[in-house]
Structure formats: structure tokens, C-alpha cells
Visitor: 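Let me begin by handing over the structure; questions about it come next.
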Amino acid sequence: MIILIAYVSVYPKLAGKNLNKVALFDCVASGLALVIVASKYWGTSVEFDFLMVELNWFWFTLLSYSVIEIPVALWYFKASFTKGS
């Protein structure tokens with residue numbers, strides 16, 4: 001949900017085609033995802049399976065967030081730079 005809100009609503013309004021601003025806001029969005037997951041799993045020994053590799057909550061969140069975000073980011077940049085504006 002964070003990725004959807006960021007790329008459909010926040011980034012077009014606040015960053016547009018500025019790659020530096022998108023990168024900055026994306027760090028904030030990624031940090032928000034990590035804070036949300038940390039509030040549940042910080043200090044626990046829960047492990048998650050990511051492509052047959054056991055990871056703690058931090059690495060699992062970071063990797064899975066990236067896997068989900070990359071196609072959306074590619075779509076955003078393709079749509080932003082092929083518009084006539």
C-alpha cells in the first residue's frame with residue numbers, strides 16, 4: 001500500500017520527473033515500511049523464508065519491498081518520461 005500511494009499520488013505531486021526527489025522520498029517510504037515492520041518484529045527471533053533463504057525481519061522487509069517496488073518504479077519512470085509534458 002505504501003508503494004501504491006507513493007507512486008500514484010505523492011511522487012507525481014511532489015517529485016515529478018526529478019530523480020533526486022524521487023530517490024529522497026523513496027528513502028522515506030522505505031523507512032516507513034521498515035518502521036512499521038520493526039514495531040511488530042523488533043527483538044524477536046522470527047525468521048522469514050525468502051527464496052529458500054532464512055532472513056530476519058529487516059532483510060526480508062528490505063528485499064521483498066525492493067522486489068515489489070522495482071516494477072512500479074520502472075512503470076513510473078516510463079510513464080513520466082514518455083508524457084508530452
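The structure displayed is predicted, hence computed values, not measured ones.
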Visitor: Rounded to the nearest 0.5 Å, how far apart are OG1 of Thr82 and CZ of Phe77?
Guide: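 The CZ atom of Phe77 is 13.0 Å from OG1 of Thr82, to the nearest 0.5 Å.
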Visitor: State, with a plain yes or no, whether a side-chain heavy atom of Glu54 is found less than 4.5 Å away from one of Asp49.
Guide: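 Yes. Closest side-chain heavy atoms under 4.5 Å.
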Visitor: I would like to know whether Tyr76 and Val22 meet side-chain contact (heavy atoms from CB on, under 4.5 Å); could you show each step before the answer?
Guide: CA-CA 10 Å; Tyr76 176 80; Val22 171; 4.0 Å; yes
Visitor: Filter on ring pair (Phe, Tyr, Trp, His ring centres under 6.0 Å), then keep only pairs touching residues 13-32, sequence neighbours left out; what's left?
Guide: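 Every pair satisfying ring pair (Phe, Tyr, Trp, His ring centres under 6.0 Å) with a residue in residues 13-32: there are none.
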Visitor: Would you kindly confirm whether Leu14 and Ile3 end up in one hydrophobic cluster when ILVMFWY residues are joined by side chain heavy atoms under 4.5 Å apart?
Guide: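 Cluster IDs for Leu14 and Ile3 match.
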Visitor: For a side-chain contact (heavy atoms from CB on, under 4.5 Å) check, start with the C-alpha distance between Val8 and Val72, then their side-chain angles and the critical distance, and finish with the verdict.
Guide: CA-CA 10 Å; Val8 173; Val72 178; over 6 Å; no
Visitor: Kindly compute the distance separating CG (Asn56) from OG (Ser45), expressed to the nearest 0.5 Å.
Guide: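 So the CG of Asn56 and the OG of Ser45 are separated by 10.5 Å.
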Visitor: Counting N and O atoms only, with roles assigned by atom type, does the side chain of Ser9 sit under 3.5 Å from a partner on the main chain of Ala6, one being a donor and the other an acceptor?
Guide: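 Not confirmed, Ser9 side chain does not pair with Ala6 backbone.
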Visitor: Are Phe58 and Val35 linked, directly or through intermediate hydrophobic residues, by side-chain heavy-atom contacts shorter than 4.5 Å (ILVMFWY only)?
Guide: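 In one cluster with Val35: Phe58, no.
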Visitor: Under a 4.5 Å side-chain heavy-atom rule over Ile, Leu, Val, Met, Phe, Trp and Tyr, are Trp75 and Met1 clustered together?
Guide: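 Same cluster: Trp75 reaches Met1 through Ile, Leu, Val, Met, Phe, Trp or Tyr contacts under 4.5 Å.
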Visitor: Apply the hydrophobic cluster definition, ILVMFWY joined by side-chain contacts under 4.5 Å directly or through others, and give me every member besides Leu74.
Guide: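 Ile70, all in the cluster of Leu74.
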Visitor: Under 4.5 Å between side-chain heavy atoms, hopping through other hydrophobics if needed: is there a path connecting Trp59 to Trp57?
Guide: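 They do share one cluster, since a chain of ILVMFWY contacts under 4.5 Å joins Trp59 to Trp57.
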Visitor: Would you please test Tyr65 and Ile2 for side-chain contact (heavy atoms from CB on, under 4.5 Å) and show each step?
Guide: CA-CA 10 Å; Tyr65 188 89; Ile2 293 171; 3.7 Å; yes
Visitor: Are Ile68 and Leu34 connected in the hydrophobic side-chain network, where two residues link if heavy atoms are under 4.5 Å apart?
Guide: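 Result: no, two separate clusters.
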Visitor: Counting distance only, does the side-chain N/O of Asp26 pair as donor-acceptor with the main-chain N or O of Ala29 below 3.5 Å?
Guide: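 Side chain of Asp26 to backbone of Ala29: no pair is present.
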Visitor: What's the spacing between Leu24 CG and Leu19 CG if we round to 0.5 Å?
Guide: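 Output value for this atom pair is 12.5 Å.
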Visitor: With Phe48, which residues qualify under ring-ring contact (aromatic ring centres under 6.0 Å, His included), at least two apart?
Guide: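 Scan of Phe48 (ring-ring contact (aromatic ring centres under 6.0 Å, His included), adjacent residues dropped) gives Tyr41, Phe60.
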Visitor: Go through Tyr7 and Glu69 one step at a time and tell me if the side-chain contact (heavy atoms from CB on, under 4.5 Å) criterion holds.
Guide: CA-CA 9 Å; Tyr7 280 96; Glu69 180 183 19; 2.8 Å; yes
Visitor: Which atom names give the shortest non-hydrogen contact between Ala15 and Lys21, and what distance separates them?
Guide: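 It is CB-CB, 3.6 Å.
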